[in-house]
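Everything on this sheet refers to the single structure shown next.
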Amino acid sequence: MIQTVAWMVSLFFMLVITVVFAFVALKSKEKQDYEPIKKKWYKARTFYGVTLVVLFLVITIYTLRELPYNQPVYSAGNDPTIVDVEALQFGWNISDTEFKVGEPIEFHVTSADVTHGFGIYDEELNLIAQTQAMPEYTNKVFITFDKPGTYEILCLEYCGLAHHLMIGTIEVTE
Amino acid sequence: MNTTINNKEITSNNGLIATYLIVGGVIIGIMMIFGILMLLAQGGVLDFSPAAFYQFLTIHGTGMVGAAALAAAGVMWYFLSHYVELSKKVFKINLLLSIIGVVMVIIGVFSFKYASAWTFLYPLPALSGGAWGTTGALLYLIGMLILGVGFLLLYIDTGRAIIKKHGSLGKGLGWDVISGKRAEKDAPSPTVVASTMVTIVNTTALTAGAIVLIMNIINVINPAFTFDPLLAKNLTFAFGHIFANSIIYMGVIVVYEILPRYTNRPWKSNRPFLIAWTMSTAFTLVIYTHHMLMDSVMPKWMLIMGQVLSYANGLPVLVVTAYGALMIVYKSGIKWDMASGLAFMSMFGWVVGVVPAIVDATIVVNHVMHNTKWVPGHFHMYMGLGAAVMLFSFIYYLSKVDSDLKPNGLDKFGFVIYALGMISVSVGFLISGALSTPRRWATHFPEWMAPAVFGAIGGVLAVLALTIFIIHFIRYVQVRGKTGSDMNEKKLA
Ligand code: HEM
Ligand SMILES: [Cu+2]
Ligand SMILES: [Cu+2]
């Protein structure tokens with residue numbers, strides 16, 4: 001799951017940073033001339049900087065290969081089900097709420113009043129996809145459910161006092 | 001070119017500087033209490049109405065950003081005035097306008113139930129679903145506009161002063177040194193470079209903010225006038241992202257100024273340093289689009305740039321600023337006290353806060369973490385453990401050089417519980433985000449409650465610590481000047 005990966009990666013790098021700062025703090029009471037330190041660590045910085053840039057480039061290329069904005073290529077005869085979603089203070093108008101596992105779906109999401117957020121949650125309450133529900137614009141979510149169950153639609157953009165009560169459901173069956 | 005401005009003149013401004021810091025610090029403390037209340041409500045410990053929750057959310061976001069920016073402007077002004085000739089009058093006007101703005105915001109929120117969150121995303125101010133009326137919205141929006149005008153005047157003045165001294169804003173960023181026309185030894189000081197960067201990005205941010213505030217004000221008065229919501233959103237996030245981020249770029253000046261004095265090592269602008277700051281200037285202006293990654297109607301190239309440039313924006317701090325701080329401290333025999341300790345902690349907070357930010361700026365991650373509590377998780381580290389700590393560092397520095405007041409064991413205790421408290425608040429948010437908990441929800445499902453309660457406990461520690469810091473600072477203000485101390489900005493360990 002993406003959230004778990006994100007959390008582990010963040011935790012790892014945050015711990016590395018903590019160790020580095022702690023190390024420097026521990027070594028701060030020793031006293032040495034600055035010039036040799038500068039010389040040595042400027043050299044190290046070049047290496048570190050280049051490594052970081054390369055790391056960022058690799059991750060960028062890796063993570064930009066498949067974007068949630070891209071319409072999937074549908075096989076012949078397997079046209080997507082288009083579902084119109086309209087958010088309003090405070091509820092969801094969804095044109096179709098019953099789907100099959102494996103059925104390609106496009107949610108076309110807009111809003112009748114203010115900006116809302118269309119977030120799809122699975123039965124374990126994990127967020128699996130989202131887009132903004134904006135007045136005058138239509139944002140799309142491309143999704144194919146691979147597990148049956150009751151999914152919840154939660155509002156993910158603050159839209160007024162009943163923001164946290166804007167919960168809808170959709171059913172996915174085998 | 002003699003850059004020193006005499007000491008008497010400097011200390012005569014300290015009363016005003018202290019006022020900036022006290023107003024900022026006290027507001028931050030009160031806002032922390034609202035933060036704790038929100039976490040307790042989300043954690044199922046307290047039960048109050050959603051209306052109250054969202055008013056707290058609105059005041060906490062607005063108050064924190066406003067107060068931290070105000071105090072950080074005080075820090076920047078204090079040090080920048082050692083290099084260029086700033087207008088004290090404008091500095092006073094900004095304080096006055098800020099206070100007027102804050103009072104209007106408070107009345108709008110608490111007397112007129114205005115609760116759009118600090119992002120006032122169009123057309124929410126006018127369409128509240130009956131929760132608040134025109135008066136509340138106008139008080140809030142006009143209050144914000146007045147606040148913004150105060151800051152805009154301040155940055156126009158810093159820009160004017162920098163141009164007068166250095167020739168242009170480009171030279172304030174050291175472009176002639178980067179291009180080789182001027183020697184590195186004549187480069188503008190880090191304080192001037194950082195101030196130039198903030199001047200550039202914040203005049204832009206405040207202009208965008210003023211435009212979108214005025215658009216909202218017109219729409220509230222006459223709902224028949226409508227605007228493009230996507231344009232409004234771009235302007236709102238350009239304003240909000242840049243302005244909130246500028247706080248740390250103002251605050252870091254204290255780190256540049258005091259670590260060299262504590263370590264007896266120079267921290268000068270060299271070419272990599274100047275390039276890093278020019279990069280920060282450019283990136284800070286454009287990466288607000290990472291707030292719009294979940295708007296697929298935006299041009300796709302802009303969203304991809306949003307990810308790429310957000311990554312790149314991590315480089316200046318990771319490779320230059322934080323690295324420089326570590327290098328200057330390493331084996332320096334530094335004398336640790338509250339000011340130097342907090343300065344070091346703030347750099348740590350800044351860098352750890354960058355990690356979850358970069359992770360979330362990745363489009364595929366953002367797809368399942370945008371608008372979850374991961375987002376406040378990252379910026380409570382960055383702001384609470386980074387920017388705010390720079391302000392506290394300055395408080396202890398100023399009281400050290402401008403009085404003979406000594407911090408005691410209680411202050412050290414404050415240092416420790418602040419770190420523990422703010423780390424708990426932030427980690428609580430990050431865990432919530434990893435569990436998909438939405439942000440800005442008045443109540444949570446039971447599965448999501450535990451990290452909120454954990455964060456609330458951390459919040460209590462942070463408030464206690466801040467109280468200790470503020471008491472120290474108020475004691476300083478009382479003995480300031482009366483001690484006849486000859487310790488001044490020049491004399492320092
Ligand atoms: C005791 C320390 C703090 C606590 C307990 C706390 C708590 C909170 C909570 C519960 C939220 C709402 C989270 C949600 O979206 O569900 C929040 C949002 C926020 N906090 Fe804090 N906070 C603290 C310190 C700070 C500091 C030091 C700053 C900045 C200097 C800050 C700036 C913000 C901002 C800008 C928001 C966003 C408001 C919004 O979503 O509209 N907070 N905080
Ligand atoms: Cu909504
Ligand atoms: Cu909502």
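Keep in mind it's a predicted model, so treat the numbers as computed, not measured. Every chain is numbered from 1, with letters handed out A, B, ... down the list of sequences.
- Qualifying side-chain contact (heavy atoms from CB on, under 4.5 Å) partners for F90(A), counting only residues two or more places apart in sequence or in other chains: C159(A), A162(A), M166(A).
- The aromatic rings of H164(A) and W441(B) stand perpendicular to each other, their planes meeting at an angle above 60°, with 30° marking the opposite boundary.
- Of all residues spanning residues 340-347 of chain B, those with a heavy atom less than 4.5 Å away from chain A's heavy atoms are F344(B), M347(B), arranged by number.
- Within residues 40-61 of chain A, the residues having any heavy atom under 4.5 Å from a heavy atom of chain B are, by residue number, W41(A), Y42(A), A44(A), R45(A), Y48(A), G49(A), L52(A), V53(A), F56(A), I59(A), T60(A).
- Judged purely by distance below 3.5 Å, without hydrogens or angles, the side chains of Y69(A) and D295(B) never pair a donor atom with an acceptor atom.
- Looking only at atom types and distance, the side chain of T63(A) has a donor-acceptor partner in the side chain of Q307(B) under 3.5 Å away.
- For I128(A), the part lying near chain B is the backbone, with the side chain staying farther off; criterion is any non-hydrogen pair under 4.5 Å.
- Using a 4.5 Å cut-off between heavy atoms, S116(B) touches chain A through its backbone atoms (N, CA, C, O) alone.
- For a residue to count as touching a neighbouring chain, one of its non-hydrogen atoms must lie under 4.5 Å from one of that chain's; by this rule F445(B) touches chain A with the side chain only.
- Atom OH in Y121(A) sits 5.5 Å away from atom OG in S436(B) (nearest 0.5 Å).
- Counting heavy-atom pairs under 4.5 Å between each of L303(B), N366(B), T119(B), L326(B) and chain A puts L326(B) at the top.
- For residues 318-334 of chain B, the salt bridge (Lys or Arg N to Asp or Glu O under 4.0 Å) pairs, not counting sequence neighbours, are E30(A)-K331(B).
- Both the backbone and the side chain of Q130(A) come within less than 4.5 Å of a heavy atom in chain B.
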